[in-house]
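A, B, ... follow the sequence lines: proteins, then strands. Residue 1 opens every chain.
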Protein chains: 2
Amino acid sequence: MATIYEVAALAGVSPATVSRVFNGLAVSEEKQRLVRDAAARLAFTPNKTARRLRKRSSEIIALLIPDIENPFYTALARGVEDRAQESGFSVVLCNTDDDPGKELRYLQIAASEQMAGVILSPASDEVDLGAIVSLGRPVVAVDRTTPYPVDAVKIDNRSAGIAATKALFDAGYRRVACIAGPAGIEATEDRVHGWRQVVASRMREGYLRHANFRVDGGHAAMTHLLALDTPPDAVVTTNNLMAVGALQALVEAGISPETFGVAAVGELPFMALAPASVVQVRLPARHLGTTAATMLLERIAGDAQPLRTVVLRAEVAPPASPREEWARKESAL
Amino acid sequence: MATIYEVAALAGVSPATVSRVFNGLAVSEEKQRLVRDAAARLAFTPNKTARRLRKRSSEIIALLIPDIENPFYTALARGVEDRAQESGFSVVLCNTDDDPGKELRYLQIAASEQMAGVILSPASDEVDLGAIVSLGRPVVAVDRTTPYPVDAVKIDNRSAGIAATKALFDAGYRRVACIAGPAGIEATEDRVHGWRQVVASRMREGYLRHANFRVDGGHAAMTHLLALDTPPDAVVTTNNLMAVGALQALVEAGISPETFGVAAVGELPFMALAPASVVQVRLPARHLGTTAATMLLERIAGDAQPLRTVVLRAEVAPPASPREEWARKESAL
DNA sequence: GAAGTCTAAGAAATCGATTTCGTCAAGACC
DNA sequence: GGTCTTGACGAAATCGATTTCTTAGACTTC
């Protein structure tokens with residue numbers, strides 16, 4: 001790896017001039033040519049570490065998500081990445097596993113690596129963003145919120161919960177249960193509120209279950225619900241993976257998803273394989289990512305407007321036939 | 001962010017001593033205490049950028065994968081991350097989209113960010129690893145291989161292809177087609193060889209289709225196959241997502257997956273939703289990741305043994321009932 | 001033509017760690 | 001007691017860019 005000094009020596013100019021050429025500062029045509037020739041001959045690439053040490057910032061943004069194996073978050077990551085690429089930024093994907101310890105460790109790394117900013121979906125309300133924020137690094141919360149004063153992009157979760165539940169009532173189901181994520185996460189609580197609002201007086205004791213956001217959690221919760229004296233005849237899950245688990249449990253219990261209503265807030269992964277009767281409330285995952293990235297990049301560029309919270313509306317989708325489903329996905333590419 | 005100098009001043013020692021304390025070098029008990037107290041009081045965190053500039057290397061490894069939305073690769077990423085964490089390394093996930101341009105860009109970033117090493121699944125045989133390799137950075141190829149002299153972890157692809165095809169023959173299907181990934185990628189070619197070997201003389205012209213590794217590719221290929229004068233009665237796909245696409249096409253054509261044989265090299269994502277009759281050859285994705293990470297970390301630590309290629313055997317799985325399927329996943333956690 | 005204004009470009013400081021080199025004192029050895 | 005090790009630790013160099021100063025010309029302006 002050639003350095004700026006070697007280039008300078010070969011070009012017969014000072015290192016400062018080489019730096020200026022590569023940063024687009026005023027340098028005469030003549031010397032620019034000399035420098036570029038020398039750089040090309042030496043296959044010079046500026047050392048980003050040195051640059052970062054001096055500038056005290058890099059062109060890297062950290063993205064902290066709770067579960068890299070959940071398609072919702074990979075789609076979100078996609079969105080962030082696309083937007084970042086456009087501006088010449090790289091994205092470092094960090095998987096927190098919803099573990100506050102891992103989350104904290106990644107936040108420290110982001111700080112000590114002088115990353116330009118952070119986009120995160122907090123593992124809990126207790127995230128300590130103090131260090132990052134006081135360092136002046138911009139932070140954007142996505143999908144979930146935090147008590148810290150940072151920009152946020154979220155989904156209209158209550159409406160999403162209402163929409164999912166209503167769809168089941170409209171289809172004639174009456175004993176509609178709810179499988180929610182862990183208590184204490186605002187996004188899932190809001191969806192539960194939506195469910196509760198629709199279900200209201202009709203709600204039966206014990207029809208609400210908390211699970212762990214993953215397939216096994218949805219499976220266990222559904223199994224419990226089916227074992228009740230008066231089991232529900234339909235269920236709403238507050239995320240995509242728990243719906244998969246619930247469907248598994250139904251299949252195992254010999255219950256056809258056509259007779260038992262299932263609605264999910266979120267899009268079932270690889271939908272083509274799912275029973276067409278499942279109600280899905282589509283969440284704009286990718287869009288969430290691009291929006292968050294756009295906001296973060298604006299802050300990085302120095303935008304100082306007051307804090308913003310953008311709320312994206314979920315699109316209520318009727319059960320689609322695979323054919324339509326496929327066509328929709330195609331056009332989205 | 002406090003610096004080593006401020007800590008030194010507060011502790012009444014030289015910056016060198018502070019550095020020594022944090023790197024476990026010989027320092028008297030007395031001064032160690034002074035330094036640690038001062039550091040704690042200032043909430044000192046060493047600046048990794050400065051450290052990296054001096055040491056000319058970091059504790060970060062780059063992982064380049066072709067498709068972050070494919071569960072096979074996220075599972076692989078998981079494996080890499082788990083192993084890296086254990087050794088105090090962080091993983092930067094880079095999504096190449098099978099685009100040589102993006103891949104090259106990420107490789108350059110890895111070099112200029114002085115990352116400790118690279119694990120990649122090359123987008124094509126034309127990857128230019130020259131720069132990284134000549135820099136002395138270790139590289140491990142995973143899932144796919146490259147002509148460069150680097151360590152590799154791959155799957156016994158031909159056997160996997162054979163197993164998938166055989167299972168269909170054993171189930172009584174005779175006109176077994178194959179949907180393969182893009183030509184020129186060794187992993188998929190090998191699986192096709194496996195298919196060809198079993199199918200042999202029985203093979204019909206036109207039963208081999210190349211597609212793009214994604215759901216839409218599998219869908220298009222399957223649609224073409226069904227439109228043939230003598231359509232096949234079963235199909236092998238060389239990856240997981242193309243199988244999903246193929247199943248979509250079957251459903252659309254009104255063909256039940258029970259009557260038309262489907263086998264996939266790879267595990268169908270969120271299997272519980274897939275028809276139980278689909279044959280899957282399980283690929284040890286996560287294991288691939290941990291193995292690659294282990295090899296890379298050994299190289300980073302200075303291991304200079306001759307190049308190694310580890311071949312992992314795929315496990316042939318009979319169509320499983322959802323119940324068994326679920327039990328298996330549970331126990332794997 | 002003298003004073004004032006720009007501009008290009010080199011010298012040198014700077015970012016914050018690590019590491020080499022020396023120094024000094026304590027203990028080992030003959 | 002004098003020489004040799006050995007070990008702790010400070011001074012200063014180093015990593016490779018960016019960013020002040022500075023300075024020397026070129027160009028205005030009255």
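Heavy atoms of A/Lys48 sit nowhere under 4.0 angstrom from any nucleic acid atom. At a threshold of 4.0 angstrom between heavy atoms, the contacts of B/Tyr5 include nucleobase atoms, whether or not backbone atoms are also involved. Nucleic acid contact for A/Ala26: sugar-phosphate only, since backbone atoms but no base atoms lie under 4.0 Å from a heavy atom of the residue. B/Val18 comes within contact range of no nucleotide atom at all, as no heavy-atom separation falls under 4.0 Å. A/Thr3 comes within 4.0 angstrom of the backbone, heavy atoms only, and of no base.
Listed nucleotides C/dG16, D/dT18, D/dC9 differ in distance to B/Leu53; the shortest reach to its side chain belongs to C/dG16. For A/Lys55, the listed nucleotide lying nearest its side chain is D/dT19; candidates were D/dC9, D/dG10, D/dT19. The listed nucleotides are C/dT19, D/dC15, C/dA9; the one nearest the side chain of B/Arg56 is D/dC15.
The shortest distance between the side-chain N/O atoms of A/Ser14 and the OP1/OP2 oxygens of C/dA11 is not below 4.0 Å. At the phosphate of D/dT14, neither OP1 nor OP2 sits under 4.0 Å from any side-chain N or O atom of B/Arg54. Phosphate contact (OP1/OP2 of C/dT19, side-chain N/O of B/Ser19, threshold under 4.0 Å): absent. Note on B/Ser28: a side-chain N or O is less than 4.0 Å away from OP1 or OP2 of D/dC9. Note on B/Asn23: a side-chain N or O is less than 4.0 Å away from OP1 or OP2 of C/dT18. Not one side-chain nitrogen or oxygen of A/Thr49 sits closer than 4.0 Å to the OP1 or OP2 atom of D/dC15.
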*asked:* Test side-chain contact (heavy atoms from CB on, under 4.5 Å) on A/Arg105 and B/Gln85; report intermediate values, then the result.
replied: CA-CA 11 Å; A/Arg105 209 152 50 242; B/Gln85 287 270 321; 3.2 Å; yes

*Verify salt bridge (charged side-chain N to carboxylate O under 4.0 Å, His left out) between A/Asp37 and A/Arg33, making sure each step is shown before the conclusion.*
CA-CA 6 Å; A/Asp37 285 357; A/Arg33 207 181 41 67; 3.4 Å; yes

_Working note: A/Asp97 + A/Arg214, criterion salt bridge (charged side-chain N to carboxylate O under 4.0 Å, His left out); need CA distance, chi angles, decisive distance, verdict._
CA-CA 11 Å; A/Asp97 269 329; A/Arg214 294 197 306 271; over 6 Å; no

*For A/Glu59 and A/Lys48, run salt bridge (charged side-chain N to carboxylate O under 4.0 Å, His left out): C-alpha distance rounded to whole Å, both residues' side-chain angles, the deciding distance at 0.1 Å, then the answer.*
CA-CA 9 Å; A/Glu59 269 84 50; A/Lys48 297 232 191 185; 5.0 Å; no

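Few gaps surround CD on A/Gln305; more than 12 heavy atoms of other groups in view lie less than 6.0 Å from it.
Judged by distance alone, with hydrogens and angles left aside, B/Arg20 brings a side-chain donor or acceptor within reach of the base of C/dT20, the pair sitting under 3.5 Å.
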